[in-house]
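See below for the structure under consideration.
Side-chain atoms are counted along with the backbone in the values below, which use heavy atoms only and exclude waters and symmetry mates. Every value quoted in this text rests on a predicted model; they were computed, and no experiment measured them.
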Amino acid sequence: MEMYQFTSEKTLNQFHEMISAKTRNGFVIIEHNEKLPYVVLSREKKVVKHTLHLFLTCLTFGLWSLVWIYLIVTLSRKKNILVAVDEDGNLFEDKCLSA
């Protein structure tokens, strides 16, 4: 396997550890390239249990509705991210556009 000079062994280990952490958090690898170290990861949207949140909203006189709205906005969409090593050998994570 040919590696470019900007990737050191320490950086590659950190890169693989970051990918492992993301896959443990529910992400799935869509695209992977070892030559130019980058990975595109995706996480499907999660289902929000609306009956439970409606009950909690009524129980707390509407205060729980803020949490409910936050969960709807953050969990109800698909998330794609790019994890890569740049030219300087630094790890970075960026959002990808979903189709």
- request: Test His50 against Trp68 for side-chain contact (heavy atoms from CB on, under 4.5 Å), laying out the working first.
  value: CA-CA 8 Å; His50 294 289; Trp68 189 9; 3.1 Å; yes
- request: Apply the test side-chain contact (heavy atoms from CB on, under 4.5 Å) to residues Val28 and Thr23: give CA-CA distance (whole Å), side-chain angles for both, the deciding distance (0.1 Å), then the verdict.
  value: CA-CA 6 Å; Val28 178; Thr23 54; over 6 Å; no
field: Audit row: Val83, Phe92, side-chain contact (heavy atoms from CB on, under 4.5 Å) steps and yes/no
entry: CA-CA 6 Å; Val83 177; Phe92 71 92; over 6 Å; no
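Between Ala84 and Phe15 the shortest heavy-atom distance is CA-CE1, 4.0 Å.
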Distance-only check: which donor-acceptor pairs under 3.5 Å involve side-chain atoms of residues 51-58, not counting sequence neighbours?
| unit_1 | atom_1 | unit_2 | atom_2 | d |
| --- | --- | --- | --- | --- |
| His53 | ND1 | Trp64 | NE1 | 2.9 |
| Thr57 | OG1 | His53 | O | 2.7 |

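To the nearest 0.5 Å, atom CG of residue Leu91 and atom CD1 of residue Ile19 are 9.0 Å apart. Taken to the nearest 0.5 Å, the CE atom of Met18 stands 5.5 Å off from the NZ atom of Lys22. Note that CG of Asp86 and CG of Asp94 are 11.5 Å apart. Values are rounded to the nearest 0.5 Å. For the atom pair Phe27 CZ and Ile81 CD1, the distance stands at 4.0 Å (nearest 0.5 Å). With rounding to the nearest 0.5 angstrom, the OG1 atom of Thr74 is 9.5 Å from the NZ atom of Lys79. For the atom pair OG of Ser65 and CD1 of Ile72, the computed distance is 10.0 Å after rounding to the nearest 0.5 Å.
If you run side chain to side chain contact (heavy atoms under 4.5 Å, CB included) between Val85 and each of Leu36, Asn90, Thr11, only Thr11 comes through.
Qualifying ring-ring contact (aromatic ring centres under 6.0 Å, His included) partners for His16, counting only residues two or more places apart in sequence or in other chains: none. Evaluation of the salt bridge (Lys or Arg N to Asp or Glu O under 4.0 Å) rule for Glu31 yields no partner, not counting sequence neighbours. With sequence neighbours excluded, no residue forms a salt bridge (Lys or Arg N to Asp or Glu O under 4.0 Å) with Glu17. Residues that satisfy the side chain to side chain donor-acceptor pair (under 3.5 Å) test with Ser42, not counting sequence neighbours, are Asn80.
Within the structure, salt bridge (Lys or Arg N to Asp or Glu O under 4.0 Å) pairs that include any residue of residues 42-55 comprise Glu44-Lys78 (at least two apart or interchain).
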